[in-house]
Amino acid sequence: MADPPRKLAKEELLTYAYILLYIALSSAQIFFNKWVLSSKEVNFPYPLALTLLHMVFSSVACFLLTKVFKIFKVEEGMTMDIYIWSVIPIGAMFAMTLWLGNTAYLYISVSFAQMLKAIMPVAVFVLGVAAGLEVMSCRMLLIMSVISFGVLVASYGEINISWIGVVYQMGGVVGEALRLIFMEILVKRKGLKLNPISVMYYVSPCSAICLLVPWIFLEKPKMEAQETWSFQPFILTLNSLCTFALNLSVFLVISHTSALTIRVAGVVKDWVVVLLSALLFADTKLTLINIFGYAIAIAGVAAYNNHKLRREALRSSTEPQPSQSIPLVSYSDPEK
């Protein structure tokens, strides 16, 4: 019989390993995408095609792992009506988020893109109020003001600012906020419980189709007309594999910890990306104003997460929870 303290210590170490794996993969994926899209070595400046490739790879991998090798289980309860009216809008917004977010890397630095992402809670809250999911209060107004002020200060401190890149990044933020709102309205309120693997299984093919249509009209003609770009199967396959591994790491972290842990890990990852990008990329020039503004924004994000988690804990304490299901979670842009 195993010694309980030793077993507990082993489980804690495994949990920390999953968290570190998530932070490492998430950071690496951001840098990997930036390198693929912007570097002369790879020469593949097509964010729409890259995102489409990610979704196709994810769709095939999910099918193999769940239906062929049966390593993971897809949660039951999905119907054609739910898929058409819920999954398709969510998949479309997910595709929009990744497409626009990856496009922003062509115009702005990784660190500045990460700073702009801190405005996400503001977009989610504003859209939530409009949809009747959130209630305006003095506390939330103060938190939103702190986040907005921090992002403005960080933007003011940006040396090489590209407004085209800012527009693309803000478009990705709006798409992610809409995705989270749709998940709340169209899925959670219908009582459907899905783990992250099931979410990928259902959403990835839909997102791939949503990306295929604009790719045919927007990027395919450019790729056919330009002879300077190159298709490197090994690098692009490795990039897609890293994306899928990141999504699996999110599944492992959520399965062994809590929503609070994944959010705290996300904040740590954001700081790692901001600081490391200054060392890895020549287009990243951090200033004290950048860092100061981002620190203010992150403090607001932490207050927002704390408020949301306390409210969710209060709600879950009054509602019966199924024992064998992981609730549908809202983790921000996993592959980025």
Side-chain angles (χ1 to χ4, degrees), residues 29-30 33 36-37 44-64 66-67 74-75 78-106 113 117 120 123-124 127 131 167-188 190 192 194 196-224 236-237 239-244 246-247 250 328-336:
Q29 183 61 35
I30 292 173
N33 285 351
V36 168
L37 293 169
F44 193 79
Y46 300 106
L48 184 51
L50 182 65
T51 310
L52 174 60
L53 184 63
H54 291 170
M55 291 298 98
V56 172
F57 186 94
S58 179
S59 301
V60 174
C62 282
F63 178 80
L64 292 176
T66 57
K67 299 300 182 180
V74 176
E75 298 289 336
M78 180 62 65
T79 64
M80 183 59 67
D81 180 69
I82 294 177
Y83 192 88
I84 293 174
W85 298 107
S86 300
V87 175
I88 291 180
I90 292 171
M93 290 301 101
F94 190 49
M96 172 182 168
T97 298
L98 300 178
W99 169 23
L100 297 180
N102 283 332
T103 304
Y105 289 145
L106 296 176
K117 288 178 188 177
M120 177 69 66
V124 173
L127 291 174
V167 170
Y168 275 120
Q169 186 62 43
M170 289 297 99
V173 168
V174 172
E176 176 67 4
L178 286 172
R179 182 183 75 89
L180 298 180
I181 295 297
F182 287 165
M183 288 172 69
E184 178 70 28
I185 296 176
L186 302 177
V187 178
K188 290 182 69 175
K190 292 185 178 181
L192 183 63
L194 298 175
I197 295 295
S198 300
V199 173
M200 287 199 308
Y201 176 83
Y202 290 120
V203 171
S204 295
C206 175
S207 296
I209 294 174
C210 292
L211 290 166
L212 178 63
V213 175
W215 176 77
I216 291 175
F217 293 100
L218 297 179
E219 279 192 356
K220 185 173 181 288
K222 295 180 181 179
M223 297 176 73
E224 292 175 343
L236 294 178
T237 301
N239 181 261
S240 300
L241 181 61
C242 185
T243 298
F244 187 73
L246 169 60
N247 290 324
V250 173
L328 181 65
V329 294
S330 303
Y331 51 91
S332 178
D333 52 13
E335 80 163 62
K336 292 161 52 189

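This chain uses plain numbering: 1 for the first residue, then up along the sequence. Source: prediction; values computed, not measured.
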Could you check if a side-chain atom of F244 sits within less than 4.5 angstrom of a side-chain atom of H54, using non-hydrogen atoms only?
no
Output for pair (L106 CG, Y46 OH), nearest 0.5 Å, gives 10.5 Å
So do the side chains of I90 and V87 get within less than 4.5 Å of each other, counting heavy atoms only?
no
Would you call T103 and Q169 a side-chain contact if the rule is heavy atoms closer than 4.5 Å?
no
According to side-chain hydrogen bond (donor to acceptor under 3.5 Å, both in side chains), who are the partners of K220, at least two apart in sequence or on a separate chain?
E224
side-chain contact (heavy atoms from CB on, under 4.5 Å) evaluation trace for L218 with W99:
CA-CA 12 Å; L218 297 179; W99 169 23; 3.8 Å; yes
Answer whether the closest heavy-atom distance between the side chains of M93 and M183 falls below 4.5 Å.
no
Give a yes or no on whether a salt bridge exists between E176 and R179, defined as a side-chain N under 4.0 angstrom from a carboxylate O.
yes
Should S240 and L53 count as side-chain neighbours, where that means a heavy-atom distance under 4.5 Å?
yes
Which atom of A95 lies closest to which atom of S207, heavy atoms considered
CB-O, 3.8 Å
Let me see the working for F44 and M223 under side-chain contact (heavy atoms from CB on, under 4.5 Å), right down to the final yes or no.
CA-CA 10 Å; F44 193 79; M223 297 176 73; 4.1 Å; yes
With the side chain counted from C-beta on, respond yes when P214 and L48 share a heavy-atom pair under 4.5 Å apart, and no when they do not.
yes
Report yes if the side chains of M96 and L100 come closer than 4.5 Å at any heavy-atom pair, otherwise no.
yes
